[in-house]
Amino acid sequence: MARHLITSAIPYINGIKHLGNLVGSQLPADLFARYLRSRGHEVLFLCATDEHGTPAELAAAKAGKPVAEYCAEMHDVQANIADGFRLSFDHFGRSSSPQNHALTQAFAGRLAEMGLIREVTEEQVFSVTDGRFLPDRYIEGTCPNCGFDSARGDQCDNCTKQLDPTDLINAHSTISGSTDLEVRTTKHLYLRQSELKGALADWIESKKDWPILTTSIAKKWLNDGDGLQDRGITRDLDWGIPVKNGTEDWPGMEGKVFYVWFDAPIEYIASAQEWVDEGKGTDWESWWRTDKGADDVTYTQFMGKDNVPFHTLSFPATIKGTQEPWKLVDYIKSFNYLNYDGGQFSTSRGRGVFMDQALELLPSDYWRWWLLSHAPETSDAEFTWEQFQTDTNKDLADVLGNFVSRITKFCRSKFSEAVPEGVPFGESEEQLIVDLTTRVAAFEGYMDAIEVRKAAAELRSIWVLGNEYLQANAPWTTFKTDPDTAAMQVRVGLNLIRIYAILSAPFIPDASATMLAAMKTEDTAWPTDMNAALNALPSGHAFEVPENLFRKITDDERAEWAERFAGTRD
RNA sequence: GGCGCGGUAGCUCAGUUGGUUAGAGCGAUCGACUCAUAAUCGAUAGGUCGGGAGUUCAAGUCUCCCCCACGCCA
């Protein structure tokens, strides 16, 4: 038994995520966590909402609510949806938690102590009307170069010329529209990441088994141009973690907060503290401090490719810079994007399916199965309704669901709602055991390596073995001349249902639970000995015929959904 | 413009360090079966592996050039 720490990239508090976000981090992380638990390992699976920053403030203002209240509500919304998708977090925390406040301030203090923080005085645009400093992207005006009237503070989208906010003609805040802007001097803290470049490069270089996607992005940021740059870790905002040097005030930093990308990954650690403080666990340090038991922990992070630089460089720089025994990530599993029907998912255009909408259409298992079996591991992947319909109908309803249906109903009709006895196993069963053993070993290999698509394909092949067995041995024919042999064959089929429930649980937990309930068993031991596993439900063991596990998606539904989620095109 | 991931059967995708007739699932066609959710099982057809040049006894797999899509950066 090993100890596994698993984190999923933490979703931003603002709004509900779409299926591409889901399959890029939380869902595969959940798959891995569930699998490792099934194998008997000790798992701590953490996630949280990322709550700070300007977008949260603006979203709250738009909703007419104080930002703290808005975040609390949206956290509950996201937690409920996560629950709806059966994401089995041990704790779903909040980056705004008191624990993260204290920890983030402690990290900053320690980094300052190590000489890795420097103060930088810079000029920024301040909107008097809005009462806040404006990030470049919240400033628009007319481009002095081409006359485009919606040039942003950092760049003109029309002529692509790089701009300084002060270059803009008639510059105004995109928040209020106000033109009452001033340039003010402000002071910020920078993390001297450049000092850590060598250590980070060595560390990345040592990760030979990481996905190419992960290391190539990291190396690009390390080496491009002038190399890894120092990074501002503070902002002039109200909503965030107040800048402090540990527990002490930080002279000159009054009224400022840490930058969201500084405190967000620290929430991975703080989330474990929340987990303990809420009574769900004990001893978070045994997961996060290598001097307090975490040296035997394997830590795996899941994220979309856009998050890779922060997890391969920024956060490790924070950790390494302290020279304290914090647990560093061992493996980063990153994902490409899921496209929606030939284009991108788009929140603003209402294009694509969002997590809450998905659950209104179909139970989570349908989405989990399709998304995981098409996870964008090697390149961007494509969601189409046609594919979703044919795949889920075939895999879930026909191959798995119908298998359960045919064997349970046949047994009820020819024998009873109990496992029949029959003769001992023969050649066909010995061969089935060999085939199952081989395929399950392959499945385990893919799951251990987090090869999500291949694991899904292997699992499907294992389901098919059951149908092949029934087809080849035809108990419905055998029954006419040799009911005892037919009884044994049915016994095999019923035991396969239990085995399938266990193997499939990480992908389709609800269907798995239904299968186990139908077989009236709580024995979920992983099938390491296939002969024993095929005898786990003994003759005489009662079961019941379940409702159909999966229904089919009709052509009408597919057409309706495709229309409904197409969004407004340009 | 620079960089990155890709471009393999109608569709979605696999193809380890270059090595026998390029694979899977779906879809299509044919057949078997009739226990089951008009389900299942089997067989067959389908590819000049984006284009071109090169290295090699041998290239989807390495090198160079070009084209296309997506993404990141400037």
Side-chain angles (χ1 to χ4, degrees), chain A residues 20 24 154-156 160-163 209 211-226 229 304-309 334-345 369-371 373-415 442 445-446 449 451-461 463-480 486 489-490 493-494 497 545-554:
Chain A
D154 48 355
Q155 177 180 21
C156 173
T160 73
K161 183 178 171 61
Q162 262 187 272
L163 300 171
D209 62 334
I212 293 171
L213 180 67
T214 304
T215 51
S216 68
I217 293 174
K219 287 176 182 172
K220 172 180 155 41
W221 280 63
L222 270 172
N223 302 317
D224 251 28
D226 299 326
Q229 299 298 299
K305 58 184 172 185
D306 51 327
N307 272 329
V308 169
S334 55
F335 290 85
N336 287 285
Y337 294 141
L338 179 70
N339 288 322
Y340 179 82
D341 207 11
Q344 293 184 326
F345 280 83
W369 173 254
W370 194 90
L371 291 170
S373 60
H374 293 78
E377 291 178 295
T378 52
S379 64
D380 290 354
E382 189 73 20
F383 175 93
T384 65
W385 286 104
E386 290 76 9
Q387 200 81 31
F388 178 71
Q389 180 197 20
T390 56
D391 288 345
T392 52
N393 284 355
K394 187 71 178 177
D395 297 349
L396 297 179
D398 295 348
V399 174
L400 178 62
N402 181 57
F403 173 79
V404 172
S405 183
R406 70 195 293 205
I407 192 67
T408 53
K409 286 179 180 169
F410 182 74
C411 185
R412 180 175 64 184
S413 120
K414 301 301 183 192
F415 301 97
Y446 290 135
E451 296 250 28
V452 177
R453 304 176 81 129
K454 290 181 181 175
E458 199 62 41
L459 178 58
R460 199 194 113 102
S461 296
W463 296 342
V464 168
L465 280 181
N467 283 315
E468 286 175 351
Y469 172 81
L470 289 186
Q471 205 63 35
N473 293 282
W476 48 90
T477 304
T478 314
F479 181 78
K480 295 171 187 168
Q489 292 164 341
V490 169
L494 293 169
I497 294 175
V545 175
E547 294 293 306
N548 284 346
L549 253 44
F550 298 99
R551 71 176 186 84
K552 295 201 185 193
I553 297 165
T554 66

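Residue numbers begin at 1 in each chain, while the letters A, B, ... track the order of the sequences.
The same atom, P, is picked in B/rA22 and in B/rU16; the two are 15 Å apart, to the nearest Å. Rounded to the nearest Å, the gap between the P atom of B/rC13 and that of B/rC66 is 28 Å. With P as the reference atom, B/rC62 and B/rG7 are 11 Å apart, rounded to whole Å. Taking the P atom of each, B/rC41 and B/rA24 are spaced 15 Å apart, rounded to whole Å. If you take atom C1' in B/rG27 and the same atom in B/rU21, they sit 25 Å apart, rounded to whole Å.
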Problem set entry | side chain to side chain donor-acceptor pair (under 3.5 Å) between A/N393 and A/R551, intermediate numbers included | CA-CA 8 Å; A/N393 284 355; A/R551 71 176 186 84; over 6 Å; no
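Residue A/N548 is classed as a base contact, given a heavy-atom separation below 4.0 Å to a base. Within 4.0 Å of A/T390, counting heavy atoms only, lie sugar-phosphate atoms of the nucleic acid but no base atom. Among the protein residues, A/A381 comes within range of the sugar-phosphate backbone only, with heavy atoms under 4.0 Å from sugar or phosphate atoms but none that close to a base. A/F403 comes within 4.0 angstrom of no nucleic acid atom, judged by non-hydrogen atoms across all strands. Within 4.0 Å (heavy atoms only), A/L470 reaches no atom of the nucleic acid at all. If you check every strand for non-hydrogen atoms under 4.0 Å, A/V464 touches sugar and phosphate atoms only. The residue A/R551 sits apart from the nucleic acid: no heavy atom pair falls under 4.0 Å. Within 4.0 Å (heavy atoms only), A/A397 reaches at least one base atom of the nucleic acid.
If you take OH on A/Y446 and CG on A/L459, they are separated by 13.0 Å, rounding to the nearest 0.5 Å.
On a pure distance criterion of 3.5 Å, a polar donor-acceptor pair joins the side chain of A/N402 and the base of B/rA36. Below the 3.5 angstrom threshold, one finds a donor paired with an acceptor across the side chain of A/Q471 and the base of B/rU40.
Ranking B/rU37, B/rC26, B/rG42 by closeness to the A/D391 side chain, first place goes to B/rC26. Closest to the A/E468 side chain, of the nucleotides B/rU12, B/rG42, B/rU40, is B/rG42.
For A/T390 (side chain) and A/E386 (main-chain N/O), a donor-acceptor pair under 3.5 Å exists by modelled atom type.
The side chain of A/K454 places an N or O atom within less than 4.0 Å of a non-bridging phosphate oxygen (OP1 or OP2) of B/rG15. The phosphate of B/rU40 has OP1 or OP2 within less than 4.0 Å of a side-chain N or O from A/K394.
Stacking of A/W476 onto the six-membered ring of B/rC35 is present: less than 5.5 angstrom between centres, less than 30° between planes.
Contact of the A/R460 side chain with the A/V399 side chain is registered, since non-hydrogen atoms from C-beta on lie closer than 4.5 Å.
Nucleotide B/rG4 is matched to B/rC70 when pairs are restricted to Watson-Crick or G-U wobble geometry with both distances under 3.5 angstrom.
In this structure B/rG46 sits in the syn conformation; its chi angle is within 90° of 0.
As rounded to whole Å, 16 Å separates atom P of B/rC26 from atom CD1 of A/I553.
At least one cation-pi condition fails for A/K305 and A/F335: the charged atom is not both under 6.0 angstrom from the six-membered ring centre and inside a 45 degree cone around its axis.
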